[in-house]
Every structure is written in structure tokens, then in C-alpha cells.
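Encoded as C-alpha cells, the structure appears first; notes follow it.
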Amino acid sequence: DERGWIHSLITALVIFIFISSLVKSEVCKYHSEMDEKEDSQTCSDSQTCSDSQNTVEMESQPVDMEVEVKEKPLLSKAMSQEDVGEGKKPPDSSHDTSSCDDEKHSIIIIDSTEKTGATKSKHLTEKEPVNFPSTIEGFGYSFIDGEMRNIKTNERFAFEVRKGDKDYNQKHYEALGELITEEVYKLLESEVNLKKIELPIDKKQNEAGSFFFASEDAFTNSDKLMIIIHGSGVVRAGQWSRRLIMNDCLDSGTQLPFIRTSISEGYGVVILNTNRNTQVIEKKKCKIRGSSSPEQHAQYVWKHFITTAQARRIDIIAHSYGGVVTVELMKAYFEDFRKRVNKIAFTDSVHDLDLHKVPATAKRWLTTHALNWISCTDPLNEPQKSKRGDVDKVSAGTQKHEETSWYAFDSIFKYFSLDKK
């Protein structure tokens, strides 16, 4: 009868909603786990390039913890929901106040002034911290012809130091990784003569701070400016992938070749440091004013430095989540982008123009001024299927996400040379 039919329909609807919620929960859990991991990734042998962002399989080796996963694009924390899609500029982050929370996670503390000359890696609640050397040489490694080699054996980096002790090996790897970051910072200053610029510009004493790097002529070069943006995870200014630095070489894992070529071609250069969002001060993790998120850091630098830079033409290279940072930056300063940005080279960018609610005018501009080199099985520069209304895609010539920038190196600079403003 009619009542029985209605009861059956309601029952079926309840079951459907219940199953849908379970599926949604599992999907959210999956994305959450992917976002929290910083493991390396590669395409499986059978994977081909597709319209959607490339599906990847996580490598089992913990040595590759630093490379970005295919991040789920997030809306910029520097903009309110009302501002999204309206092309409005974010609020002035220079008035943000730093906030500090008790640091409860495992951290690396490097103190070169300690008499023991050791680096401590510890959970603040642990009674017995693990001590590690405070130099790369102390770990038994040195960079020889751009490759990190064992000083005694000349072999490449080995993750397993204590057989079967994954926790110690991971802490050992992370401690060495922190020193790699400091080494790259030094190379930016010594090898390509960049200068470190402290943030925020009105930083107070004992306030959490960040920095980025720029060439001497970055803001006075009246011709052109190159801005380089890394991905997410543990990488910092000057790095594409810590794993490549440690297991391959400085050329593939750092931005140094891109910087050298940019300078030789007459660019001023700016290297963003979007992942330095907090600083531990007196055992408290404090947010950095103006740089509390990757998006906010980029927008702060643009507002306080790029808007007054003299360059008539700007080119941008953005890897992985750096693509999301770039899209949010374009939304916040679209008129400046439209006037001065010449080309944008994405490498395996994870941006989504629809999710980020990019206005139609900005979307049309971007699709004619950008190209995305993606990881897949096809040869370099082979055109790939792109989502309608999105940036055109071509193959980077490698299946490995973290290698896309290096493999596309020559193609990127050829792309910038076409149809110059």
C-alpha cells in the first residue's frame, strides 16, 4: 500500500545517506593523511597523464619524507570567504599579531654555541633527547662536485643508520635535513650572491620572524624580475626537494641553476620562503606576522616589495603547492599581474581554478599566460589533456613529481623567451 511504499522509500534514503557519509568520511580521512605526510611520490609504471591532477603512489622509503604530496588545494588563509572570487586584496597582514602555542611536537634544535657541538632532536616532553652532530661533516657527509657523499667511503646517502630502528633513523634523517636547509641558505648567499631580507619589515625584538632572498638588483632592475616559489612540506627557500639534494645532486634538488640562468639573462631575482610560518621561541611555537601561511607570505612580499619594484616585466616559476600560492597571489593583486607579469611556469602545480573561485577575467588571463609541466610517462613537452578553462599542460619528461622542475629547466626558459613584453 501507499504507507508501505513511503516507509520503504524513507528506509532506502536513510541507508543511502548513511553509506554516503561513510564514503565521505573515508575520502576526507584519506586526503587528511595525504596532507599530513611529506613522503616522496612517483607515478606507477602503468600511470599515464590525465585531465585531473596526476594520481600518485606513496613510496615506502621513509628517506623521502620531505617531498610534497599532491596537496589538496586550500583557500588562502589571508582572505576571507567574502573576498574570495571578488578580486579583493587581503587585509594588511602587517597589523597581524603573532600568536604562540606550546610546542608539543618533535623539533630539531641547532645550537652551534654548545660546547658539545651537537644538534638535539627531541620531543619536549622526553627525558632523554637524541643528540646529533651540528654539521653535515659531523654526520660523515660532504658535498663533492655537487653530490652529497660519505666522507670515508664516497658512497651516497644511506637512510638506515641503526638497523631496524625506524624512529632513530627518521630523527637522524630529519636532523641532517635541517642542516641541508641551512647549507642551501648559505649557498644562496655565497654562490649566487643573494641577500637575506628579514620579515616582517617592522619586526620587533624577540618577535617570530621569517625571511626571503633577493638579488642586489631585484627591486631596481627596470627590465625584468624572476620570482621562484617552492612547494609545500619541509623544503625552504632555494630548494625543490630535500630528497634530490641528498640522493641525487644540488642541481636537481635546489633552485641554484634557475637562479644562475636568470641572473645571466638579465633578471633580478626573488626567492620566496613560503613554508617558514612559525618559529619556536622559549619552547613556544609562534606564528610569524605576515607569513603565517604560504599564501600570506607571498602576498606580504608582493605588497611590501614587488609592488614598488621597478621591473616592467615579471616571470614566475612555481612548483607543486607553489601553484596554489601563485593563484591566490594573482587574485589578490590581479591588476598588477595583468600589467607586469609576462609568463608563469608551473611544474606539477596542484592549483584548481574552480575551487579557488578565480574570477572569469583572471581565469582567462591566466590560461593565456601560464603553462604547467606535469609528471607523466610521455616525453618532455608533449601536450596533455587539460581541464576546460584551466592552464594548458605538457609533460615534464619524468614520472616523479619532485623532478619536474629540473627536467623542464630548458623548456621553461625557452617559454619565457617567447612573445616577450
Side-chain angles (χ1 to χ4, degrees), residues 40-57 59 64 67-71 146-147 226-231 235 238-245 247-265 267 315-324 326-327 341-352 366-388 390-420:
S40 176
Q41 54 192 340
T42 61
C43 299
S44 61
D45 292 337
S46 61
Q47 181 182 335
T48 57
C49 307
S50 63
D51 177 44
S52 61
Q53 295 298 335
N54 300 335
T55 304
V56 297
E57 294 182 0
E59 291 182 350
D64 299 333
V67 182
E68 310 84 32
V69 298
K70 286 292 186 181
E71 303 91 343
E147 298 180 349
M226 179 72 73
I227 300 175
I228 302 180
I229 310 174
H230 55 66
V235 290
Q239 301 180 51
W240 295 128
S241 164
R242 184 185 289 177
R243 187 190 75 80
L244 290 177
I245 294 172
N247 293 280
D248 191 39
C249 64
L250 288 171
D251 278 352
S252 65
T254 74
Q255 298 165 357
L256 290 171
F258 292 81
I259 298 168
R260 292 191 184 100
T261 299
S262 296
I263 292 173
S264 70
E265 294 191 0
Y267 285 92
D315 288 319
I316 300 173
I317 303 173
H319 174 63
S320 192
Y321 195 81
V324 175
T326 302
V327 168
V341 174
N342 175 56
K343 294 285 180 64
I344 301 173
F346 293 118
T347 57
D348 234 6
S349 172
V350 297
H351 68 265
D352 187 312
L366 183 63
T367 56
T368 58
H369 289 77
L371 192 60
N372 190 7
W373 280 263
I374 66 172
S375 56
C376 69
T377 58
D378 288 346
L380 178 65
N381 295 327
E382 189 74 20
Q384 304 300 316
K385 185 178 180 181
S386 301
K387 182 179 178 181
R388 184 176 180 180
D390 197 359
V391 173
D392 286 341
K393 297 177 182 178
V394 295
S395 172
T398 177
Q399 296 181 58
K400 294 185 178 180
H401 173 70
E402 68 271 23
E403 292 180 346
T404 51
S405 298
W406 178 234
Y407 271 67
F409 176 82
D410 290 329
S411 298
I412 288 172
F413 282 96
K414 287 180 182 178
Y415 172 66
F416 287 149
S417 68
L418 299 174
D419 301 321
K420 294 181 180 178

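Computed from a predicted structure; not experimentally measured. Heads up: numbering here begins at 1 and tracks the sequence.
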Fill in the blank from the handout: Heavy-atom nearest pair, Ser349 first then Val324, reads OG-N, 4.3 Å
Handout entry: pair Ser395-Gln384: side-chain heavy atoms closer than 4.5 Å
Key = yes
Handout entry: Heavy-atom pair with the smallest gap, counting every atom of Ile344 and Tyr415
Key = O-CE2, 3.7 Å
Problem - OG on Ser241 to CD on Gln239, rounded to 0.5 Å - result: 8.5 Å
Handout entry: Heavy-atom side-chain contact between Tyr407 and Ser252 under 4.5 Å
Key = no
Problem - Trp373 and Leu380, any side-chain heavy atoms less than 4.5 Å apart - result: yes
Practice task
Give me the one residue out of Thr326, Ile374, Leu371 that meets side-chain contact (heavy atoms from CB on, under 4.5 Å) with Phe346.
Solution key: Thr326
Exercise for the section: Side-chain contact test, heavy atoms from C-beta onward, threshold under 4.5 Å: evaluate it for Thr347 versus Asn372 and give yes or no. Expected result: no
Practice task
Verify the distance criterion only: is there a donor paired with an acceptor across the side chains of Glu403 and Thr398 at less than 3.5 Å?
Solution key: yes
Practice task
Could you grab the distance from atom CD1 of Ile245 to atom CZ of Arg243, nearest 0.5 Å is fine?
Solution key: 11.0 Å
Problem - Side-chain touch Pro257/Trp406, heavy atoms, less than 4.5 angstrom - result: yes
Fill in the blank from the handout: Closest non-hydrogen atoms of Thr367 and Val391, given as atom of the first, atom of the second and distance, are CG2-N, 4.0 Å
Practice task
Report the distance from atom CG of Asp315 to atom CD of Glu265, rounding to the nearest 0.5 Å.
Solution key: 9.5 Å
Exercise for the section: State, with a plain yes or no, whether a side-chain heavy atom of Phe409 is found less than 4.5 Å away from one of Asp251. Expected result: no
Problem - His319 and Gln255, any side-chain heavy atoms less than 4.5 Å apart - result: no
Fill in the blank from the handout: Separation between CG (Asp348) and NZ (Lys393), nearest 0.5 Å, reads 9.0 Å
Handout entry: Shortest non-hydrogen separation from His401 to Ser320 and the atoms involved
Key = NE2-OG, 3.0 Å
Handout entry: For Gly323 against Ala318, the heavy-atom pair lying closest together
Key = N-CB, 3.9 Å
Practice task
Nearest 0.5 Å please: distance from the CZ atom of Phe413 over to the OH atom of Tyr267.
Solution key: 7.0 Å
Exercise for the section: State, yes or no, whether a side-chain contact exists between Met226 and Phe416 at a heavy-atom distance under 4.5 Å. Expected result: yes
Problem - Interatomic spacing from CG in Leu418 to NZ in Lys343 - rounded to 0.5 Å - result: 5.5 Å
Practice task
Can you see which heavy atom on Val235 is nearest to which on Gly231, and at what distance?
Solution key: CG2-O, 3.7 Å
